[in-house]
2 protein chains.
Amino acid sequence: MKTTLDSQQHIEPAAPLRKRTVRSRPLATVTDEDGNRRADLVRVSARLFREKGFDGTTVRDIAHAVGMRSGSPFYHFKSKQEILAAVMEEGLVAGLGEVERIVASSTPPLEKFRSLVRAHLETVLGEGHDFIPVLLYDWHALTPDLQEQIIGLKDRYDQLWQKTISELKDAGLIRSDSKVVRLLLLGAINYSVQWYKPGKGLSLDELSEQTVEFFLGT
Amino acid sequence: MKTTLDSQQHIEPAAPLRKRTVRSRPLATVTDEDGNRRADLVRVSARLFREKGFDGTTVRDIAHAVGMRSGSPFYHFKSKQEILAAVMEEGLVAGLGEVERIVASSTPPLEKFRSLVRAHLETVLGEGHDFIPVLLYDWHALTPDLQEQIIGLKDRYDQLWQKTISELKDAGLIRSDSKVVRLLLLGAINYSVQWYKPGKGLSLDELSEQTVEFFLGT
DNA sequence: CCTACCGATCGGTAGG
DNA sequence: CCTACCGATCGGTAGG
């Protein structure tokens, strides 16, 4: 028989400093007309997922971080996984925009490459850039159907890099197979998430320079 | 008041095909005299952690994989975290042995480097090599005190690489700062865990060759 | 979006 | 090492 245990239930305490009728807006955005609640959730989730991992972050953490109660994020998202997917998608869309701009510019391959490396380092290590690190770190936590929904954007990102690296090869600046180069190169940069500490050692500009120098063997 | 809910309890079913008195040994090891139960747990945990992540693996999964009941791993380890630490430690000790042998050998720097790259690729991508991938992937899941217990081995591993890379620089084979080179290089190889599929594309020997070729710019 | 829950799972333990 | 649990947490939902 099912029984309801009161001691088992954790009644959420009434939110402090908050009127019943006029509910104060969460602090984050300055001009947020209703629609941005979803955006707030995504942005805050990105930060939490990056800091504590997907499994280490609870829906309650996310809710409270934007001033909601524990069940309310499910009004905006069908599941915790869909929040994760939204975080990754936002990161990819932003990243793609920048990479597309760089690749489309009429500069020599070497300059494009420099810009790509610098941009990718910013995307992965820059202050407040939590979206792509979450993608890199918690990709496995997504269900296959949500992975599929995102993988198209990921592929486009990779293809733009591939194109630039091929140009580098045509220009005689690298000799190895350009697909292997892409994988090793992006891997090296992506992995920097594990060791780079902002404010300690190299700046992002310096790291970018050294990275290009090393990979091009100059 | 605390109440005991019977419907809440999941009584584990009696293990099938198993006598009460003479408990059959788990399948894994051929010659396992008691002491190896702990080793069995570590080996099986490495595989499960690699496949499903630390958070995605339950102590019950581990127990059942070696033919124990859910609570029994805690006879061998104080916590799930300590199992994780044991996995990482075993991986590092094995890896260190190999790397130390290579670095101590009397071969030219370039040959040492080739051997290190090949050995590290094996450690990270090789069949049945689950320990170091777990270290790379779930390092953050360790509590700080357990991280401290292991970080010494990790540092020795890095120092041996650093030494070899410095020799490479002295020999004029690379130009960049050797610490940055070490970080980018190991990062590129470590990240291959994310994209390399055994049996598809390059073999480990081929990948090793291409990696050395690319990083040394030949 | 909140209230008030539920069902399930999970790490861990006492006692043998 | 098993039996038999507990305490806590967590994703998610119905109804307003």
Side-chain angles (χ1 to χ4, degrees), chain A residues 1-16 18-26 32-38 40-41 45 48 52-64 66-84 141 143, chain B residues 1-16 18-26 32-38 40-41 45 48 52-64 66-84 141 143:
Chain A
M1 285 292 98
K2 318 277 181 59
T3 315
T4 301
L5 273 194
D6 50 0
S7 73
Q8 199 184 18
Q9 297 309 130
H10 292 268
I11 307 298
E12 288 188 26
R18 184 161 293 176
K19 306 268 179 52
R20 265 293 105 171
T21 38
V22 185
R23 213 166 263 280
S24 66
R25 293 277 172 173
D32 56 347
E33 293 311 318
D34 54 272
N36 323 39
R37 296 305 280 153
R38 187 191 148 101
D40 290 342
L41 283 168
S45 297
L48 291 171
K52 315 198 288 175
F54 179 71
D55 288 321
T57 304
T58 71
V59 175
R60 283 163 173 79
D61 291 338
I62 296 169
H64 295 154
V66 297
M68 287 179 184
R69 312 305 272 276
S70 65
S72 301
F74 295 106
Y75 172 75
H76 297 276
F77 295 92
K78 276 194 290 201
S79 68
K80 187 187 175 189
Q81 302 250 358
E82 292 216 343
I83 304 180
L84 179 60
T143 48
Chain B
M1 284 294 99
K2 317 279 181 61
T3 315
T4 302
L5 274 195
D6 50 0
S7 72
Q8 198 185 20
Q9 295 311 130
H10 293 267
I11 307 297
E12 288 187 28
R18 184 161 290 176
K19 307 269 180 52
R20 224 73 282 262
T21 38
V22 184
R23 213 166 263 280
S24 67
R25 291 279 172 172
D32 56 347
E33 295 311 319
D34 54 271
N36 321 41
R37 295 306 281 155
R38 187 192 147 101
D40 290 343
L41 284 168
S45 297
L48 291 172
K52 315 198 288 174
F54 179 72
D55 288 320
T57 304
T58 70
V59 175
R60 283 163 173 78
D61 291 337
I62 296 168
H64 295 154
V66 298
M68 286 179 186
R69 311 305 272 276
S70 65
S72 301
F74 295 105
Y75 172 75
H76 297 277
F77 295 93
K78 275 193 291 200
S79 69
K80 188 186 174 189
Q81 301 252 357
E82 292 215 343
I83 304 179
L84 179 61
T143 48

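Lettering of chains follows the sequences in order, A, B, ..., and the numbering in each one begins at 1.
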What integer distance in Å separates [X]:[atom1] from [N]:[atom2]?
X	N	atom1	atom2	answer
A:Leu41	C:dC1	CG	C1'	11 Å
A:His64	C:dC1	NE2	C1'	13 Å
B:Asn36	D:dC1	CG	C1'	16 Å
B:Glu82	C:dG11	CD	P	15 Å
A:Lys52	D:dT9	NZ	P	13 Å
B:Ile83	C:dC10	CD1	P	14 Å
A:Tyr75	D:dG15	OH	P	18 Å
B:Asp55	C:dC10	CG	P	11 Å

Protein-nucleotides 12-14 of chain D N/O pairs under 3.5 Å:
from, atom 1, to, atom 2, distance (Å)
D:dG12, OP2, A:Lys80, N, 2.7

Closest listed nucleotide, where the reference is the side chain of B:Arg37 and the choices are C:dC1, C:dG11, D:dC1: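 Minimum distance to the B:Arg37 side chain belongs to D:dC1.
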Can you find a side chain N or O atom of B:Arg69 that sits less than 4.0 Å from OP1 or OP2 on D:dC1? no
For A:Lys80 and A:Phe54, indicate whether the former's side chain and the latter's backbone hold a donor-acceptor pair under 3.5 Å.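 The answer is yes, because a donor-acceptor pair under 3.5 Å joins these two groups.
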When you measure from the side chain of B:Thr57 to the backbone of B:Leu48, do you find a donor-acceptor pair of N or O atoms at a distance under 3.5 Å? yes
Do the side chains of A:Ile62 and A:Leu41 get nearer than 4.5 Å, heavy atoms only? yes
For a stem of at least 3 consecutive Watson-Crick or G-U pairs with distances under 3.5 Å, i pairing with j, i+1 with j-1 and so on, which stems involve DNA chain D?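 For DNA chain D the paired stretches long enough to count as stems (3 pairs minimum) are C:1-16 with D:1-16.
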Rounded to the nearest 0.5 angstrom, the CD1-CZ distance for B:Ile83 and B:Phe74 is 6.5 Å
Please name all residues satisfying salt bridge (charged side-chain N to carboxylate O under 4.0 Å, His left out) with B:Asp55, sequence neighbours left out, ordered by chain then number.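 So B:Asp55 forms no salt bridge (charged side-chain N to carboxylate O under 4.0 Å, His left out) with any residue.
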Side chain to side chain contact (heavy atoms under 4.5 Å, CB included) evaluation trace for A:Asp61 with A:Lys52: CA-CA 11 Å; A:Asp61 291 338; A:Lys52 315 198 288 175; 3.0 Å; yes
Provide the closest heavy-atom pair for [X] versus [Y] in the form atom of the first, atom of the second, distance.
X	Y	result
A:Ala141	A:Leu84	CB-CD2, 4.0 Å
A:Met68	A:Pro73	SD-N, 4.1 Å
A:Arg37	A:Val66	NH2-O, 3.1 Å

